[in-house]
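The figures here come from the full heavy-atom set of this structure, side chains too, leaving out hydrogens, waters and symmetry mates.
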2 protein chains.
Amino acid sequence: MELLERMAAALKILAHPCRLKVAEVLQREGSMPVHTLMEKVPLPQATLSQYLNQMRRAGLVRAERKGKEVWYEIADSSVLTILDCIRRKTGQRAES
Amino acid sequence: MELLERMAAALKILAHPCRLKVAEVLQREGSMPVHTLMEKVPLPQATLSQYLNQMRRAGLVRAERKGKEVWYEIADSSVLTILDCIRRKTGQRAES
DNA sequence: TCGTGTTATTGCAATAAGTCAATATAAAAA
DNA sequence: TTTTTATATTGACTTATTGCAATAACACGA
């Protein structure tokens with residue numbers, strides 16, 4: 001159950017409205033420092049910082065320090081694909 | 001935040017080792033009734049039934065009653081794509 | 001309708017995740 | 001070296017999720 005747990009852990013980080021919002025902003029607008037992200041996703045600084053850290057540890061985003069700023073971006077295309085899939089899926093809606 | 005919440009809710013259901021396992025079995029082996037699934041994913045009956053119900057409500061799987069059995073299958077290709085992406089992503093591993 | 005096989009629902013203790021103010025650390029400018 | 005701007009970490013609290021036994025409901029054959 002080792003791989004499954006890592007898969008679940010990564011998905012769980014993405015599975016939160018605010019972290020999804022962060023991911024979408026980074027998907028649309030590329031990389032940016034935390035304070036810019038904070039304008040687009042209005043959250044307490046501590047909260048946003050924690051989210052970004054979780055996302056980085058899960059391999060969803062990549063971080064790079066530039067002077068006193070830290071710039072974040074989506075880590076790779078898998079993440080973009082997952083975002084597209086889940087958005088498409090949830091746009092529709094169908095039960096069974 | 002309405003769409004984001006629905007997206008997060010669906011991802012959250014998938015973000016669990018056992019539910020991922022269920023999804024993988026259905027991906028590999030197609031549709032099957034609950035008791036067959038129970039052999040492949042050994043869990044208490046109540047637990048498995050709840051997982052399947054959550055997954056159905058989230059639109060991840062589809063259910064169809066056949067006599068006294070209920071057969072489950074993956075709902076659509078988005079789910080398959082997400083499974084592939086997250087598996088690929090977690091197979092590797094890279095921090096930043 | 002009674003029994004049996006199959007699946008769903010309920011209730012709740014144990015555990016995990018979310019939230020954010022306060023505080024710490026990092027880098028550059030004054 | 002003191003300040004200032006930018007980001008990270010800690011601690012304490014609230015809320016949500018998990019896991020499962022017990023019980024209910026559903027569908028069929030005897």
| field | Distance below 4.0 Å between A/Arg56 side-chain N/O and D/dA8 OP1 or OP2 | value | no
| field | Nearest-angstrom distance from the residue atom CG of A/Leu37 to C1' of D/dA6 | value | 14 Å
| Tell me: CG of B/Leu14 to P of D/dT17, nearest whole Å? | 15 Å
| Euclidean distance, atom OH of residue B/Tyr51 to atom P of C/dT7 [Å, nearest integer] | 18 Å
| query | Checking salt bridge (Lys or Arg N to Asp or Glu O under 4.0 Å) against B/Glu73, which of B/Arg28, B/Arg62, B/Lys66 comes through? | reply | B/Arg62
| query | Nearest-Å distance, NE2 (A/His16) to C1' (C/dA17)? | reply | 9 Å
| Between D/dA6 (C1') and A/Leu43 (CG): distance, integer Å | 17 Å
With the criterion being N/O to N/O and under 3.5 Å, what pairs connect the protein with nucleotides 21-30 of chain C, and how long is each?
none

| field | Distance test, side-chain N/O of B/Ser49 to OP1/OP2 of C/dT7, below 4.0 Å | value | no
| task | Return the value, rounded to whole Å, for the distance between atom CD of B/Glu39 and atom P of C/dT6. | result | 10 Å
| message | Can you tell me how far apart OG (A/Ser49) and CG (A/Leu37) are? Round to the nearest 0.5 Å. | response | 11.0 Å
| request: Considering non-hydrogen atoms only, spot the tightest contact between A/Arg88 and B/Ser78 and give its length. | output: NH1-OG, 3.3 Å
| query | Which atom pair, heavy atoms only, marks the closest approach of B/Arg56 to B/Ala63? | reply | CD-CB, 3.6 Å
| Between A/Thr81 and A/Ser77, is there a donor-acceptor pair closer than 3.5 Å when you use the side chain of the first and the backbone of the second? | yes
| B/Tyr72 side chain near C/dT7 phosphate (N/O to OP1/OP2, under 4.0 Å) | no
| request: May I have the step-by-step check of side chain to side chain contact (heavy atoms under 4.5 Å, CB included) for A/Val61 and A/Val22, ending in yes or no? | output: CA-CA 10 Å; A/Val61 300; A/Val22 168; 5.7 Å; no
| message | Please determine whether a side-chain nitrogen of the Lys or Arg among A/Glu2 and A/Arg6 lies less than 4.0 Å from a carboxylate oxygen of the Asp or Glu. | response | yes
| Length of the line joining B/Trp71:CH2 and D/dA27:P, which is rounded to integer Å | 17 Å
| task | Write down the distance between CD (A/Gln54) and P (C/dA16), rounded to a whole number of angstrom. | result | 15 Å
